[in-house]
Amino acid sequence: GRNGGIVYLSLGTWTITTELDLDGPNNTCRGITLRGAGKEATTLSVSGAIRGVRYAPAALQEAYITIRDMTILGTVASALDLVSIANAAGVEMHSLHIRNTADSCVFWSRVYGVHITNSRIEDCTDYGIHASAQTEIFTIQNVDFNANNIVGVAHIYVQGSGRGLI
């Protein structure tokens with residue numbers, strides 16, 4: 001809802017053919033939690049050349065969004081960023097398995113205070129995590145990058161730094 005709430009995806013596979021837009025109508029939603037039944041118990045299957053989970057209001061806002069306890073899986077070679085967050089302050093990502101896209105698995109642009117923990121990121125054609133130059137104060141803790149499958153030049157790329165982390 002507008003002032004918070006939990007969207008719970010139960011055990012099983014949930015297929016989306018349009019991006020799951022967490023900022024809602026007129027960019028008004030804040031405090032949303034997207035939660036599954038467990039990292040390997042709930043799968044959000046992204047079908048088509050789309051972004052998976054997206055939060056991108058027109059202007060920077062205090063978002064306080066959480067994405068947790070699920071697999072986010074691109075199902076076609078043309079899938080875009082599986083998690084794309086922009087113009088947000090306060091983002092938590094926990095216990096996720098994000099895999100199989102032709103783009104970056106996770107993309108942050110103009111995001112402040114973002115944390116990703118206890119997750120696995122693999123099979124990304126571009127980067128595992130791509131943080132734009134305007135992304136600040138982020139924590140990556142206990143995240144496993146499958147080094148054999150990511151074919152981009154870095155697992156974590158901080159745009160503007162000229163460097164990536166492997």
Side-chain angles (χ1 to χ4, degrees), residues 1-25 27-57 63-88 90-109 111 114-131 138-152 154-157:
R2 181 183 178 116
N3 295 312
I6 298 172
V7 177
Y8 178 72
L9 300 176
S10 62
L11 177 74
T13 298
W14 301 85
T15 300
I16 59 172
T17 57
T18 59
E19 63 189 29
L20 186 56
D21 187 357
L22 296 182
D23 57 22
N27 304 313
T28 57
C29 293
R30 294 177 178 85
I32 300 294
T33 296
L34 178 62
R35 183 178 188 160
K39 186 179 349 182
E40 304 303 331
T42 299
T43 298
L44 183 64
S45 179
V46 180
S47 180
I50 60 170
R51 285 178 175 75
V53 178
R54 178 182 174 271
Y55 185 89
Y64 304 114
I65 61 168
T66 301
I67 305 167
R68 63 175 305 135
D69 304 319
M70 70 181 69
T71 293
I72 301 174
L73 172 67
T75 59
V76 295
S78 58
L80 302 176
D81 306 319
L82 294 177
V83 177
S84 181
I85 309 289
N87 294 327
V91 177
E92 301 286 334
M93 300 171 67
H94 303 289
S95 297
L96 298 171
H97 185 183
I98 305 170
R99 63 184 295 252
N100 197 30
T101 183
D103 213 335
S104 294
C105 279
V106 177
F107 179 75
W108 297 323
S109 177
V111 177
V114 61
H115 308 281
I116 183 169
T117 60
N118 301 321
S119 296
R120 180 175 179 87
I121 296 174
E122 62 184 333
D123 297 328
C124 312
T125 301
D126 202 357
Y127 305 106
I129 296 175
H130 180 171
F138 58 90
T139 305
I140 300 167
Q141 182 178 20
N142 195 26
V143 176
D144 178 31
F145 294 91
N146 189 333
N148 296 322
N149 291 326
I150 295 176
V151 296
H155 297 305
I156 304 166
Y157 176 66

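Bear in mind the structure is a predicted one, so any value in this text is a computation, not a measurement.
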Can you give me the closest heavy-atom contact between [X] and [Y], atom names plus distance?
X      : Y      : value
Phe145 : Gly128 : CE2-CA, 4.3 Å
Met70  : Gly36  : CE-N, 3.5 Å
Pro57  : Ala86  : CD-O, 3.4 Å
Cys105 : Arg99  : SG-CA, 4.2 Å
Thr15  : Ser47  : CG2-CB, 3.8 Å
Ile67  : Leu96  : O-CD1, 3.8 Å

Would you check if the side chain of [X] reaches a backbone N or O of [Y] as a donor-acceptor pair within less than 3.5 Å?
X      : Y      : result
Asp21  : Asp23  : yes
Thr125 : Thr101 : yes
Thr71  : Lys39  : yes
Thr42  : Ala37  : yes

For a 4.5 angstrom cut-off between non-hydrogen side-chain atoms, does [X] reach [Y]?
X      : Y      : result
Ile65  : Glu92  : no
Glu122 : Asp144 : no
Val46  : Leu73  : no
Asn100 : Thr75  : no
Thr33  : Val7   : no
Ile116 : Ile121 : yes
Leu80  : Ile50  : no
Leu34  : Leu9   : yes

Parallel, tilted or perpendicular: which describes the rings of Phe107 and His130, with under 30° parallel and over 60° perpendicular?
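Perpendicular: the ring planes of Phe107 and His130 meet at over 60°.
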Return yes if a side-chain donor-acceptor contact under 3.5 Å exists between Glu40 and His97, otherwise no.
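A pair is found: one side chain offers a donor N or O, the other an acceptor, under 3.5 Å apart.
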For the pair Val111 and Phe138, evaluate side chain to side chain contact (heavy atoms under 4.5 Å, CB included) and give the outcome as yes or no after the intermediate values.
CA-CA 9 Å; Val111 177; Phe138 58 90; over 6 Å; no
Can you measure from [atom1] ([X]) to [atom2] ([Y]) and round to the nearest 0.5 angstrom?
X      : Y      : atom1 : atom2 : value
Leu22  : Ser84  : CG    : OG    : 10.5 Å
Asp103 : Asp126 : CG    : CG    : 5.5 Å
Ser119 : Asp69  : OG    : CG    : 9.0 Å
Met93  : Ile129 : CE    : CD1   : 7.0 Å
Ser109 : Asn87  : OG    : CG    : 6.5 Å

Test side chain to side chain contact (heavy atoms under 4.5 Å, CB included) on Val53 and Leu44 and set out the steps.
CA-CA 9 Å; Val53 178; Leu44 183 64; 3.6 Å; yes
Please assess Val106 against Ile85 for the test side chain to side chain contact (heavy atoms under 4.5 Å, CB included), listing each intermediate value before the final yes or no.
CA-CA 8 Å; Val106 177; Ile85 309 289; over 6 Å; no
Working for side chain to side chain contact (heavy atoms under 4.5 Å, CB included), residues Gln141 and Thr117:
CA-CA 5 Å; Gln141 182 178 20; Thr117 60; 3.9 Å; yes
